[in-house]
There are 2 protein chains.
Amino acid sequence: MSNENKITNIKETVKLFKIFSDYTRLRIIDLLEGGEFSVQEITDALDTSQSAISHQLKLLRDLHVVKFRKEGKQVIYSLQDNHIKEIFLIGYSHATECKD
Amino acid sequence: MSNENKITNIKETVKLFKIFSDYTRLRIIDLLEGGEFSVQEITDALDTSQSAISHQLKLLRDLHVVKFRKEGKQVIYSLQDNHIKEIFLIGYSHATECKD
DNA sequence: TTGACATATGAGTGAAGATTCATATAAAAT
DNA sequence: ATTTTATATGAATCTTCACTCATATGTCAA
């Protein structure tokens, strides 16, 4: 592999890990693990401001981590693919099972 | 599981993912994948200031990601366990193989 | 023991990023 | 049509964090 590609790959990997490296975002992902939820439900569940949640959802949308559908005035979010689920679960188990 | 524990677990997971969410740190980890290297070698390989590298190494040390031994005036670093290697490689392959 | 080299570290700076605040948009209800 | 409810978003603020700069520590060589 070229050095350029190597750099690009590392940078992509950083981007991926960054998704999971914020408390609010990870709680959203953790919640959405369990199904689909409206912004309201997410906001209530995480006890965080609606605005903060919406900003993070925008981020996750832009990164193709979540998808959404509209239902009346509500917007229902869910995880985009299992891809994300997998990485989250692997990290979660590593972080919790293997204490040093 | 209690809610307290859940929160703690998520926070631990965030910490874990944060390790991998910086370009310099990830390059260090990627390099150390290949064996042990002195600070000098790391500094040269990553073309970054010695100070910046040392600061990140301190972080990685504190998080038990790397271990080190002294050899004369040199300090030789290597990865602490396979644990870290695994997560890095999983993230790396997800980030690079599965393009959207 | 003095000087050169390797690494570590505290303080300061700057940039990225997460939250708040105010407000916009859009759909439903009255 | 107007009000209420749900969500989104721009700007400002505040925080986190990575880097630089200066300097400390420690080891070897002369």
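Letters A, B, ... are given to chains in the order of the sequence lines, protein chains preceding strands, and every chain is numbered from 1.
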**Message:** Side chain of B/Ser49 only, heavy atoms from C-beta on: which candidate in D/dC17, C/dA18, D/dT20 is closest?
**Reply:** D/dT20
**Request:** Determine, step by step, whether A/Tyr92 and B/Ile10 satisfy the side chain to side chain contact (heavy atoms under 4.5 Å, CB included) criterion, reporting the C-alpha distance in whole Å, the side-chain angles of both residues, the deciding distance to 0.1 Å, and the verdict.
**Result:** CA-CA 7 Å; A/Tyr92 188 84; B/Ile10 295 277; 4.1 Å; yes
**Message:** Can you tell me which nucleotide in D/dA8, D/dA18, C/dT7 comes closest to the side chain of B/Asp22?
**Reply:** D/dA18
**Prompt:** Nearest of D/dC19, D/dT4, D/dT7 to any side-chain atom of A/Ser54?
**Reply:** D/dT7
**Prompt:** So what does A/Lys70 hit on the nucleic acid, given a heavy-atom distance under 4.0 Å: a base, only sugar-phosphate, or nothing?
**Reply:** nothing
**Asked** Using a cut-off of 4.0 Å on non-hydrogen atoms, how would the nucleic acid contact of B/Ser51 be classed: base, sugar-phosphate, or nothing?
**Response** base
**Fill in**
Of B/Gln40 and A/Arg27, the one whose closest nucleotide on DNA chain C sits nearer the 5' end is B/Gln40
**Prompt:** Between atom CG in A/Leu63 and atom P in C/dA18, what is the gap in whole Å?
**Reply:** 11 Å
**Prompt:** Checking A/Arg25 side chain against A/Ile19 main chain: does a donor-acceptor pair fall under 3.5 Å?
**Reply:** yes
**Which nucleotide in D/dT9, D/dA18, C/dA8 has an atom nearest any side-chain atom of B/Val75** = C/dA8
**Asked** Taking for each residue the nucleotide of DNA chain C bearing the nearest heavy atom, is the 5' side occupied by A/His55 or by B/Val39?
**Response** B/Val39
**Prompt:** Using a cut-off of 4.0 Å on non-hydrogen atoms, how would the nucleic acid contact of A/Thr48 be classed: base, sugar-phosphate, or nothing?
**Reply:** nothing
**Message:** Quick check against the 3.5 Å criterion: does A/Asp81 have a side-chain atom that pairs as donor or acceptor with the backbone of A/Ile84?
**Reply:** yes
**Request:** Assign B/Tyr23 to base, sugar-phosphate, or nothing according to its heavy-atom contacts below 4.0 angstrom with the strands shown.
**Result:** nothing
**Item:** Mutual orientation of the aromatic rings belonging to B/Phe88 and B/Phe20 [parallel < 30°, tilted 30-60°, perpendicular > 60°]
**Value:** parallel
**Prompt:** Between D/dC17 and B/Arg25, is there an OP1 or OP2 to side-chain N/O distance shorter than 4.0 Å?
**Reply:** no
**Asked** Should A/Ser38 be listed as having a side-chain N or O under 4.0 Å from OP1 or OP2 of D/dA6?
**Response** no
**Request:** Give A/Leu59 one of three labels, base, sugar-phosphate or nothing, depending on what nucleic acid heavy atoms sit under 4.0 Å from its own.
**Result:** sugar-phosphate
**Prompt:** Rounded to whole angstrom units, what separation is found between the NZ atom of A/Lys18 and the C1' atom of C/dA15?
**Reply:** 11 Å
**Request:** Return the nearest nucleotide to the side chain of A/Gln50; candidates are D/dA8, C/dC5, C/dA8.
**Result:** D/dA8
**Listed partners of B/Thr48 passing side-chain contact (heavy atoms from CB on, under 4.5 Å), at least two apart** = B/Arg27, B/Leu46, B/Ala52, B/Ile53
